[in-house]
Amino acid sequence: MKTKTLLKFTALFIVMLIICLVFSLLFGSENIIIAIMAIVLSIILVKQDLKKKLTINFLKILLTNLSIGLLAFLSCKLPTLSFLIVFLTIFLIVILTKNINKLIYYVFALEFVYLISNNINYSNLSMRLLSLIGASILVIIINIIVHSLINKKEESEDENPNSTSTINTNSSTKLTFKETIFSKFRKDKQHYLFAIELAIIVALSEFIAIYFKIPTAKWLSFTAIGILRPNTNLVTKGFKKIEGTIIGVIGFILIDILILRQGTIGILGLNVVAKDIALLLIVIFSYFYTMYYLENKYVIRMVFSTLLALSIAFISIPQINFITDRIVFIIIGAILCIIINYSMRQSTKL
């Protein structure tokens, strides 16, 4: 990485810390993850200039954030409908973000699962919604700043995609509505399969956590979000494609054993709570995730994607049985992802 680019990312990291601190003071520490997700989302969207059609882009992000917040709240308040709400929300997040950026689902899915895990009462709902509005504004502001610093050369390359989309639109008008739906499904079959896979695992983990009263089962959700990727067969692709995930899981378990499980950690004569350490790690992992995302380093990005998801899980899920349950459900989640991923793809071949 070039020195100038590294300096820009270092400046970004400092800005991230400042933003998270201010966000925490304004909306409470329980909503700080929302700010971190907003920062990651704005950088994932960095190749798109949100200044064009600014109002529409802002409204899309705002409505998505508010919808996720309200659906997460309803899922907690209506446990009998929780499975259905979670399944449909995750499915729609994956499907509706496909044509924007295939990684946007990752941010919104993490945010949704975090909001479910951090159940709030009615008196805190207004602050939660305000934090989501603030996060939506952050996405626009940070995207504009980072876009102007890093991607100035890409601003003139927006016309080619528009011309191809026009051709596709004209050709689709020759088909009936039914033919269009089925042809689109066949074309996007792998993405629909991924949406179903992720929705099943996340909804299943919530079901187990609620009805069997095993809060740590929610680790299944975060593990699935960290591992599963669109259009990827975890079996036939082999360990090369999930190498980053394996490294990330092992890395988090080591961090958990050596640092987080201690509960309170002595640093420079101060007693720092493990949850605060985890928050700092989330900011650090977000920084490296976005840096290697822009550098197109897939394996390294997967390492920090997994570390980020599992670190958010750490501060989201009640630490009842500590390390044992965490390791068990992380491993079960990984195995479950492989089984469902393989089964779904085999069934479509029959």
Let me have the donor-acceptor pairs involving side chains of residues 20-34, under 3.5 Å, with sequence neighbours excluded, atom names and distances please.
{"residue": "Asn31", "atom": "OD1", "partner": "Arg128", "partner atom": "NE", "Å": "2.6"}
{"residue": "Asn31", "atom": "OD1", "partner": "Arg128", "partner atom": "NH2", "Å": "3.3"}
{"residue": "Asn31", "atom": "ND2", "partner": "Phe27", "partner atom": "O", "Å": "2.9"}

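- Taking all atoms of both residues into account, the shortest heavy-atom contact from Ser286 to Ile282 is OG-O, 2.7 Å.
- Residues forming a ring pair (Phe, Tyr, Trp, His ring centres under 6.0 Å) with Phe73 (at least two apart in sequence, or on another chain): Tyr122.
- You'll find the side chain of Leu279 stays beyond 4.5 Å of the side chain of Val283, heavy atoms only.
- Annotation: ring pair (Phe, Tyr, Trp, His ring centres under 6.0 Å) contacts of Phe87 (sequence neighbours excluded): none.
- Separation of atoms CE (Met127) and CG (Leu125) is listed at 11.0 Å; rounding is to 0.5 Å.
- Side-chain contact between Leu41 and Phe108 is present, with at least one heavy-atom pair separated by less than 4.5 Å.
- Ile210 approaches Ser82 most closely through the heavy-atom pair CD1-OG, 3.4 Å.
- Without hydrogens or angle criteria, Tyr287 side chain to Ile14 main chain gives no donor-acceptor distance under 3.5 Å.
- Between the CD1 atom in Ile339 and the CD1 atom in Ile201 there is a gap of 9.5 Å [rounded to 0.5 Å].
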Is there a side chain to side chain contact (heavy atoms under 4.5 Å, CB included) between Leu110 and Tyr114? Walk through the geometry before answering. CA-CA 6 Å; Leu110 267 184; Tyr114 169 78; over 6 Å; no
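- Between the side chain of Thr97 and the main chain of Ile93, a donor-acceptor pair closer than 3.5 Å is present.
- Considering OG1 of Thr89 and CD1 of Ile116, their distance stands at 7.0 Å, rounded to 0.5 Å.
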Evaluate Phe288 against Leu308 for side chain to side chain contact (heavy atoms under 4.5 Å, CB included), listing each step before the verdict. CA-CA 10 Å; Phe288 282 107; Leu308 175 59; over 6 Å; no
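- The CG atom of Leu115 sits 8.0 Å away from the CD1 atom of Ile68 when rounded to the nearest 0.5 Å.
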Carefully, step by step, assess Tyr106 and Tyr289 under the rule ring-ring contact (aromatic ring centres under 6.0 Å, His included). CA-CA 12 Å; Tyr106 172 78; Tyr289 173 78; 5.4 Å; yes
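- In this structure, the separation between CG on Asp256 and CG on Leu310 is 9.5 Å, given to the nearest 0.5 Å.
- Applying the salt bridge (charged side-chain N to carboxylate O under 4.0 Å, His left out) test to every pair with at least one member in residues 72-96, sequence neighbours left out, gives no pairs at all.
- Put simply, Ile104 and Leu63 are part of two different groups of oily side chains (I, L, V, M, F, W, Y) that touch within less than 4.5 Å, one to the next.
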Please tabulate, one pair per line, all N/O donor-acceptor pairs under 3.5 Å involving side-chain atoms of residues 133-142, not counting sequence neighbours.
{"residue": "Ser136", "atom": "OG", "partner": "Asn65", "partner atom": "ND2", "Å": "3.0"}
{"residue": "Ser136", "atom": "OG", "partner": "Leu132", "partner atom": "O", "Å": "2.9"}

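- A donor-acceptor pair under 3.5 Å is formed between the side chain of Thr64 and the backbone N or O of Lys60.
- Looking at Val113 and Phe222, their side chains come closer than 4.5 Å, going by heavy atoms from C-beta outward.
- Inter-residue side-chain proximity for Leu280 and Leu17 is flagged as met; some heavy-atom pair is nearer than 4.5 Å.
- Pairing each heavy atom of Leu129 with each of Leu66, the nearest pair is O-CD2, 3.8 Å.
- In terms of heavy-atom proximity, Pro79 sits nearest to Cys76 at CD-O, 4.1 Å.
- Aromatic ring pairs are classed by plane angle as parallel below 30°, tilted from 30° to 60° and perpendicular above 60°; the pair Trp219 and Phe252 is tilted.
- For residues 203-215, the set of pairs meeting the salt bridge (charged side-chain N to carboxylate O under 4.0 Å, His left out) definition, not counting sequence neighbours, comprises Glu206-Lys218.
- For the pair Phe112/Ile90, a side-chain contact is recorded, criterion being any heavy-atom separation below 4.5 Å from C-beta on.
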Take Phe194 and Tyr105 through the test ring-ring contact (aromatic ring centres under 6.0 Å, His included) and record every step on the way to the result. CA-CA 11 Å; Phe194 167 70; Tyr105 84 88; 5.0 Å; yes
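- Atom CG of residue Leu45 and atom CD1 of residue Ile61 lie 6.0 Å apart, to the nearest 0.5 angstrom.
- By the 30° and 60° cut-offs, the orientation of the rings of Phe83 relative to Phe207 is perpendicular.
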